[in-house]
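Proteins get letters first, then strands, A, B, ... in listed order; numbering begins at 1 in each.
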Amino acid sequence: MDRQLMATQEAIEEIWDIAKGFGLDPFPIHFEIVPATQMYEIGAYGIPGRFSHWTNGKAYHQLKTRYDYGLSKIYELVINTDPCYAFLMESNSLLQNKLVIAHVIAHCDFFKNNAYFGSTNRQMVETASVSADRIRQYEFMHGKLEVEKFLDAVLSIQWHVHGNDFIKRKIEDDKKDKKAPETPYDDLFNLGVKEGPEEQKKVTKKIPPEPESDLLLFFAENAPNLEDWQRDIIDVVRAEALYFVPQMRTKIVNEGWASFWHARILRELSLTDEEAVEFAKLHSGVLSPSKMDLNPYFVGMKMLEDIENRWNEPTEEERKKFGRSGNQGRAKIFDVRSVEDDASFIRNFLTKKLVEELDLYIYKREGDELLVMEKDWEKIRKVMIEMVARRVPSIEIVDADFRGASWLYLEHRFEDDGVELDMTYAMRTMEMIYLIWGRNVNLKAVVNGVPTLTWYDGKKFEQKRL
Amino acid sequence: MAAQFSISKDDYSLHRKGPADQARHKEKVKEAIRDNLPGIVSQESIITSDGKKIVKVPIRSLNLPYFRFGNNQGRGVGQGQGDSNVGDKIGNVPAPGGNGKEAGDTPGIDYYEAELTIDEIAEMVFADLSLPGLKPKQAQEIVSEVVRYKDISKKGIMSNLDKRRTLLQGFKRTALQGRGALSVIKQEDLRFRTWSEEVRPESNAVVIAMRDISGSMGEFEKYISRSFYYWMVKFLRTKYNQVQIVFITHHTEAKEVDENAFFNLGESGGTKVSSAYKLALEIVHDRFPPACWNIYPFHFSDGDNWGEDNSRALGYVQELLAFSNLFGYGEIQESRLTDSTASAFISGSSKLGSVYQDHFRREIEEGTFVPVAIGRGEDVYPALRRYFFRKEGAING
């Protein structure tokens with residue numbers, strides 16, 4: 001075994017025990033030491049072995065270029081499966097990898113215990129690579145360009161999937177209109193009896209019965225002219241999107257959790273002076289605040305530390321009003337990691353004091369400059385929640401048989417989002433949807449304050465005010 | 001307790017997925033550039049530079065479209081150093097790609113700046129262009145050299161090693177020695193591919209480039225004709241080893257000039273296009289007998305000719321057409337009606353293009369006289385294609 005491998009294994013053993021001692025409960029983890037290019041490839045694709053697509057090639061190129069120029073570096077890469085896969089960069093120092101190991105153990109604890117990952121496919125690496133094989137076959141059968149064209153279309157709406165795992169969908173059961181069987185042998189007794197005519201008179205149901213926001217699911221099931229391989233591609237992209245959505249919606253709380261723990265765990269390790277300095281540098285690099293962005297590592301960690309403190313030493317008021325007895329900090333943050341996503345995390349736990357301490361603000365573009373325009377903590381909290389909760393505009397399929405011609409009628413829920421769509425992008429996206437649906441695509445959206453219907457017939461766009 | 005973690009380190013040197021998809025993205029960038037060639041070809045920075053220069057070409061960023069919000073771009077939450085106040089400036093709007101002229105003005109479109117050398121652009125522009133209707137001519141054939149690997153030798157450089165032949169040689173040797181398996185390849189087995197230069201005879205061709213430098217040629221007209229000839233000359237030099245190019249400038253008098261003067265001479269005086277055609281005829285008779293040469297006259301002008309000169313010009317064009325493979329005429333006038341067909345010339349007008357169009361109907365139909373109207377920089381590229389893009393057999397003979 002080579003020296004790097006041995007030293008790393010020892011480090012993992014030590015860190016693993018400390019993490020367990022703190023009560024962390026991760027999936028088993030397979031660590032893999034990889035060269036930088038491989039690290040960037042996995043980072044670009046999100047899942048090792050995922051299907052080929054030029055957008056991933058572009059991401060790979062960007063990540064790698066930034067690394068080659070020394071602009072940025074991926075430290076941690078962990079795949080949410082059971083067991084988890086964690087990748088350690090070959091060129092990292094041992095201390096860097098110790099920090100990464102502690103960090104990813106906390107991520108794996110989060111993946112295992114946070115409610116939003118309840119329905120995550122934990123065999124995603126295998127699933128994705130089997131899917132990639134099928135897509136490669138489709139390329140052989142139907143041509144690379146044909147498959148790419150369709151993948152482009154599907155990927156352009158990949159985030160329009162049903163992210164909410166807690167609501168069971170009503171399954172429309174066609175059979176429920178039928179009479180309940182009177183005996184177990186009804187089917188035998190009724191052999192040769194034709195189904196009654198009232199069955200056929202059944203009023204044609206509206207499609208979809210309720211406005212549908214899972215565009216991919218709807219298209220896979222209802223798009224009129226797709227071939228099987230195309231429906232399969234939609235399913236593949238949808239399954240992978242559903243895998244990523246919980247990670248996207250828990251970015252702050254999850255990175256906060258991992259940063260909180262890597263700091264705690266590394267304090268327990270016996271580091272040399274040099275290592276201690278290196279760690280301090282690294283840690284503060286990861287947690288440096290950003291003027292134009294929120295650093296999820298920093299904000300998330302600060303919030304968790306704040307929660308721990310407030311539950312350890314509640315004020316008189318909190319003791320009386322909420323019955324907090326004190327010294328419950330650790331238990332409380334384990335609770336938080338089990339039940340919160342970013343939106344609820346911020347809504348429930350971001351305090352005035354913390355907003356001021358972190359010096360958060362809302363900035364806005366004025367001409368060519370970016371100016372601080374708001375320091376009011378409640379407004380900041382509101383904008384932050386909006387930012388994490390509304391990454392994807394709320395688009396719904398209202399009617400799939402518009403004008404009785406199987407035209408698609410989409411609607412942007414302006415009342416939910418409060419922000420208009422970028423119509424240039426929206427129209428290009430409609431062209432993509434046309435490739436999937438194959439018939440006219442209509443979109444109702446508020447454009448410059450006026451409800452407007454835009455439609456595309458495969459060749460040109462038209463627009464009218466409603 | 002079962003092991004909760006494991007660790008490994010594998011060999012990834014053969015892994016190529018990322019680079020393969022990256023190559024596909026690069027290919028798509030090239031496609032996008034190809035789609036933008038008309039705009040790129042007429043950029044001023046190109047014709048004033050040598051071939052090695054890198055030009056930045058803004059192309060639409062290759063993003064998949066998606067539904068996204070419009071007018072909250074440029075708003076966000078940030079974090080200060082502990083002392084931020086309302087009204088503080090925290091930075092400037094980031095300009096994409098360094099010099100994003102388009103950045104603020106065109107919401108909804110992201111630009112990406114591709115960097116290309118002019119030779120790379122030229123390669124795309126010329127990909128499917130050729131001198132139309134080249135005919136085999138007698139005598140004094142010009143040659144182009146082609147390097148072909150078609151021979152084998154026992155000495156050579158390793159990169160030219162012919163592995164298959166080397167192995168076969170090795171098998172042969174061991175078989176001769178009566179041993180079965182080939183265990184080691186010896187020096188004497190090595191076989192290298194080696195090349196020879198093949199000379200391909202090509203038909204002689206001369207291109208006569210005529211350029212109007214009269215006073216009526218404005219900035220734009222001057223610029224377009226230079227731009228067109230820049231690409232034409234580059235094209236001829238890239239694709240044909242020994243095509244002759246004759247440069248003629250004219251106002252009321254015509255002069256044969258060298259390449260440098262051709263591109264740089266200023267403008268003055270009135271216009272008699274017949275002078276240029278007459279000089280072209282003389283040059284052809286003196287130096288390029290049509291029996292031996294393929295002849296391609298090109299003339300770029302703003303179409304304003306001295307009225308009485310038109311009939312003389314017509315006569316000379318007729319004479320040139322008698323032995324030319326193709327006569328290309330380009331008429332430039334800023335923001336005129338441009339059209340891919342010749343109908344952009346208004347019938348009955350006194351402009352040269354209209355006169356030619358009315359007079360040379362048959363030749364236009366046959367494709368030996370090609371008039372092109374240019375009104376915008378973007379028209380230069382289509383003009384090049386109209387002259388030099390021919391499907392096989394589109395022209396007789």
Side-chain angles (χ1 to χ4, degrees), chain A residues 2 5 8-9 12 16 28-35 38 40-41 44 52-58 60-61 152 155-157 289-294 358-365 368-375 380 383-384 387 393 395 419-426 428-429 432, chain B residues 2-13 15-29 61-95 103-104 106-110 112:
Chain A
D2 80 0
L5 207 54
T8 311
Q9 172 148 15
I12 298 172
W16 193 276
I29 305 176
H30 178 73
F31 290 91
E32 202 159 328
I33 299 177
V34 297
Q38 193 55 28
Y40 289 97
E41 185 178 306
S52 280
H53 192 256
W54 60 268
T55 46
N56 297 327
K58 181 184 174 184
Y60 168 73
H61 176 60
D152 283 358
L155 286 172
S156 72
I157 50 169
S290 162
K291 278 201 257 181
M292 286 179 235
D293 220 341
L294 279 183
L358 293 175
D359 196 19
L360 301 181
Y361 50 72
I362 302 171
Y363 65 86
K364 212 183 165 180
R365 180 174 157 173
D368 278 348
E369 297 184 333
L370 298 173
L371 301 178
V372 174
M373 71 158 214
E374 188 64 71
K375 295 268 298 172
I380 293 169
V383 171
M384 281 173 67
M387 277 168 45
I395 305 275
V419 184
E420 291 183 13
L421 291 180
D422 176 336
M423 281 310 286
T424 312
Y425 262 61
R428 285 177 59 209
T429 314
M432 293 294 192
Chain B
Q4 300 236 311
F5 62 86
S6 52
I7 182 164
S8 69
K9 187 176 177 181
D10 296 325
D11 181 8
Y12 279 96
S13 57
H15 206 92
R16 287 285 177 274
K17 192 196 198 93
D21 283 345
Q22 181 188 340
R24 174 66 188 131
H25 174 242
K26 232 177 147 180
E27 209 175 287
K28 284 185 77 79
V29 169
S61 178
L62 288 174
N63 283 335
L64 285 180
Y66 53 96
F67 287 113
R68 69 174 193 183
F69 296 118
N71 58 2
N72 68 342
Q73 314 282 332
R75 188 184 75 154
V77 176
Q79 198 177 348
Q81 303 289 338
D83 53 358
S84 69
N85 288 305
V86 173
D88 286 359
K89 180 183 163 184
I90 59 158
N92 290 317
V93 176
T106 48
I109 301 172
D110 294 328
Y112 166 88

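- In this structure, the portions of A/S52 lying under 4.5 Å from any heavy atom of chain B include both its backbone and its side chain.
- In this structure, the side chains of A/K58 and B/N63 come closer than 4.5 Å at one or more pairs of heavy atoms.
- Between B/K89 and A/L371 the shortest heavy-atom distance is CA-CD2, 3.6 Å.
- Judged purely by distance below 3.5 Å, without hydrogens or angles, the side chains of A/N56 and B/K17 never pair a donor atom with an acceptor atom.
- Looking at A/I362, both its backbone and its side chain come within 4.5 Å of chain B, counting heavy atoms on both sides.
- Going from atom CG of A/L358 over to atom OG of B/S84 covers 11.0 Å, rounded to the nearest 0.5 Å.
- When atom types are taken as modelled, the side chain of A/D359 and the backbone of B/G82 share a donor-acceptor pair closer than 3.5 angstrom.
- Using a 4.5 Å heavy-atom threshold, the side chains of B/L64 and A/W54 count as touching.
- To the nearest 0.5 Å, atoms CZ (B/F67) and CE (A/M423) are separated by 8.5 Å.
- For A/E32, the parts lying under 4.5 angstrom from a heavy atom of chain B are both the backbone and the side chain.
- In this structure, A/I33 and B/I7 have side chains that are in contact, with non-hydrogen atoms separated by less than 4.5 Å.
- The minimum heavy-atom distance linking A/R428 with B/P65 is given by the pair CB-CB, 3.6 Å.
- Between the CG atom of B/D88 and the NZ atom of A/K291 there is a distance of 10.0 Å, given to the nearest 0.5 Å.
- Each of B/E27, B/Q22, B/Q81 has some count of heavy-atom pairs under 4.5 Å with chain A, and the biggest count is that of B/Q22.
- Classified by interplanar angle (parallel below 30°, tilted 30° to 60°, perpendicular above 60°), the ring pair A/F31/B/F5 is perpendicular.
- When each of A/T55, A/I157, A/I395 is scored by its heavy-atom pairs under 4.5 Å with chain B, the top score falls to A/I395.
- Rounded to the nearest 0.5 angstrom, B/Q4 CD and A/I29 CD1 are separated by 9.0 Å.
- The CG atom of A/L360 lies 5.5 Å from the CD atom of B/Q79; values are rounded to the nearest 0.5 Å.
- With hydrogens and angles disregarded, a donor-acceptor distance shorter than 3.5 Å links the side chain of A/E41 to the backbone of B/G18.
- Heavy atoms closer than 4.5 Å to chain B are found nowhere in A/A44, neither backbone nor side chain.
- Remark: B/K26 NZ is loosely packed, at most 12 non-hydrogen atoms of other residues, nucleotides or ligands lying under 6.0 Å away.
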(request) Begin with the C-alpha distance, continue with both residues' side-chain angles, and end with the deciding distance and a verdict on side-chain contact (heavy atoms from CB on, under 4.5 Å) for A/V372 and B/N85. (result) CA-CA 7 Å; A/V372 174; B/N85 288 305; over 6 Å; no
